[in-house]
Amino acid sequence: MSSKCKRIVIDLLIVLAICTSSAIAVNELRADKIPLLPAYLKNNFYQTVSLQEFLKDESFMSHCLLFDARPHMYYAKDSLTVAKNFPVTDFDFFYHLYLPEGSSDTPIFVYGRTLSRACDLELAHRLSLKGHKHIVIVENE
Amino acid sequence: MNSIPKAVISSHRVLRRTTIIILLRFWLGGLFIYASLHKIRDLGQFRDAIVNYEIVPHWLINITAIVLPWVEFWIGMFLILGIFVRSCVIIQGLLLITFILAIALNITRGNEFYCGCFGNDNSSGMNYRHIVFNALWLSMAIMLFILERRRFSHRILRGFYCRKQEKI
């Protein structure tokens, strides 16, 4: 590698180091800071069930709630007919709509993941923060 | 007829080239600083904009939202100050290529959402105009990379760097 290229690579690394360190430092100081990794990745101990298994066993559907956590655009394109759309982006609104007080013991099955948003994990995490204990992720893979 | 001395022609060319370099540096630098400020101010909104693009994996979203505005800010700053110009232009070029691809991909997908470029105004929807502007800025960045062959644009910094090299 020529000395000019080496110099450019070193400069690139210096610039990226300055950018990354200042970004992390300022984010830590902010009142509205966002975590480096989504909170649901740190607390991901939910039970899982495959979609085929879920559809096979009708007893699941009779006594539980099934939510599709993706935005409405994805829900409208393809979703299970029994699933209710519970977009995680409007959590508070849909929470009061679907889960009245005292329903924390109802088993909840959560479904739906996009490339950039693990909607199922995020919804499961937020529901668990509200005190729901029986949450199962329906995996579609 | 008096012929113009070669030295005068040469100095005029250098002056013209220096002027173009300064204009490009200030334009591209100012643009990136302006684009970064609202993202730094409203991190949550910028994070949502990245999510809408559906090209970054979910575990990388927060890191991208935190770091990208500061990359834009420091690149803009360094370009205006004339420090690490070529390296900054390389990063800027890569970012602009990524933006073009991301916008083009979402236009072909038929998605309509706030693009996250310059604040949350109504004109920030997704359309081909964004691709044209990004391509224009990319060509300006390429021009700057070709014209500016020095590590530091300022004589003071260059002198300091050269003296350090001589000592070594």
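The sequence lines fix the lettering, A, B, ..., with proteins before strands; numbering per chain opens at 1.
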### Query
So, A:Glu28 and A:Arg30, do they make that salt bridge, N to O below 4.0 Å?
no
### B:Glu72 with B:Lys39: basic N within carboxylate O range, under 4.0 Å
yes
#### Entry: Which portion of B:Ile40 sits near chain A, non-hydrogen atoms under 4.5 angstrom
both
### Query
By a 4.5 Å heavy-atom criterion (distance strictly below it), what part of B:Leu43 contacts chain A: side chain, backbone, both, or neither?
both
## Note on the structure
Here the gap from A:Asp32 atom CG to B:Asp42 atom CG, rounded to the nearest 0.5 Å, amounts to 8.0 Å
## Note on the structure
If you tally heavy-atom pairs under 4.5 Å between each of A:Ile24, A:Ile14, A:Thr89, A:Leu12 and chain B, the highest tally belongs to A:Leu12
### Max heavy-atom pair count under 4.5 Å with chain B, selected residue of A:Thr20, A:Leu16, A:Ile18, A:Leu37
A:Ile18
### Query
At a heavy-atom separation under 4.5 Å, does A:Pro71 approach chain B through its side chain, its backbone, both, or neither?
neither
### Contact class of A:Asp11 relative to chain B, heavy atoms under 4.5 angstrom
both
### Message
For chain A, which candidate among B:Val71, B:Ile61, B:Ile66, B:Thr64 shows the most heavy-atom pairs at distances under 4.5 Å?
### Response
B:Ile66
### Task
Identify which of B:Asn62, B:Val51, B:Val56 forms the greatest number of heavy-atom pairs closer than 4.5 Å to chain A.
B:Asn62
### B:Ser36 side chain to B:Trp70 side chain, donor-acceptor N/O pair below 3.5 angstrom
no
### Task
Inspect the surroundings of OH in A:Tyr95 and state if more than 12 heavy atoms from other residues, nucleotides or ligands are less than 6.0 Å away.
yes
### Message
Among A:Phe109, A:Tyr98, A:Tyr111, exactly one meets ring pair (Phe, Tyr, Trp, His ring centres under 6.0 Å) together with A:Phe67. Which residue is that?
### Response
A:Tyr98
